[in-house]
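We count residues from 1, following the sequence as given. As the structure lists them, so they are numbered: ligands from 1, and atoms in each ligand from 1.
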Amino acid sequence: MKTKVVPDLCISCGVCTELVPEIFFMNDSNIAEAKPGDVPENLENEVRGAAEDCPSNAIIVE
Ligand code: SF4
């Protein structure tokens, strides 16, 4: 499973970085980004939850 943030949609609320700091971080522009590579299996549910909780639906899971 992979995930990414659509930067134009992110409103920098910090929900995803609080929920799954192993995957999401704020970049220098204060926009969330996902670390590259596959999401570890033990974090897949957390990442799906972050995608659901993102207020601007900026997190894509594939
Ligand atoms: Fe951006 Fe969504 Fe993460 Fe909030 S939850 S920081 S809007 S990607």
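Closest approach of A32 to C10, counting heavy atoms only: N-SG, 3.5 Å. E46 approaches V20 most closely through the heavy-atom pair O-CG2, 3.5 Å. Nearest approach of T17 to M26, heavy atoms of both residues: CG2-N, 4.0 Å.
Close contacts between ligand 1 and V15 involve ligand atoms 5 (S) [criterion: under 4.0 Å to a heavy atom]. For ligand 1, the atoms lying closer than 4.0 Å to a non-hydrogen atom of S56 are 7 (S). Which parts of ligand 1 touch M26 is read off a 4.0 Å heavy-atom cut-off, strictly below it: atoms 6 (S). Atom numbering of ligand 1 starts at 1 in the shown order; those under 4.0 Å from a heavy atom of I59 are 8 (S). Per-residue contacts place I11 under 4.0 angstrom from the following atoms of ligand 1 (heavy atoms of the residue considered): 1 (Fe), 7 (S).
Here the protein heavy atom with the shortest distance to atom 6 (S) of ligand 1 is G14 N, 3.3 Å. For atom 4 (Fe) of ligand 1, the nearest non-hydrogen atom of the protein is C13 SG, 2.3 Å. Among protein heavy atoms, the minimum distance from atom 2 (Fe) of ligand 1 is reached at C54 SG, 2.3 Å.
Atom 3 (Fe) of ligand 1 has an N, O or S atom of C16 under 2.8 Å away, backbone or side chain. Among the backbone and side-chain atoms of C10, an N, O or S atom lies under 2.8 Å from atom 1 (Fe) of ligand 1.
Heavy-atom contacts from other residues, nucleotides or ligands closer than 6.0 Å to CD of E18 number 12 or fewer.
Cluster membership for F24 and V15, using ILVMFWY side-chain heavy atoms within less than 4.5 angstrom, is shared.
Atoms CD1 and CD1, on I11 and I31 in that order, are 9.5 Å from each other to the nearest 0.5 Å.
Contacts between T17 and ligand 1, counted as non-hydrogen atom pairs separated by less than 4.0 Å, are absent for every part of the residue.
At least one side-chain heavy atom of I23 sits less than 4.5 Å from a side-chain heavy atom of P40. The closest side-chain heavy-atom distance from M1 to D38 is not below 4.5 Å.
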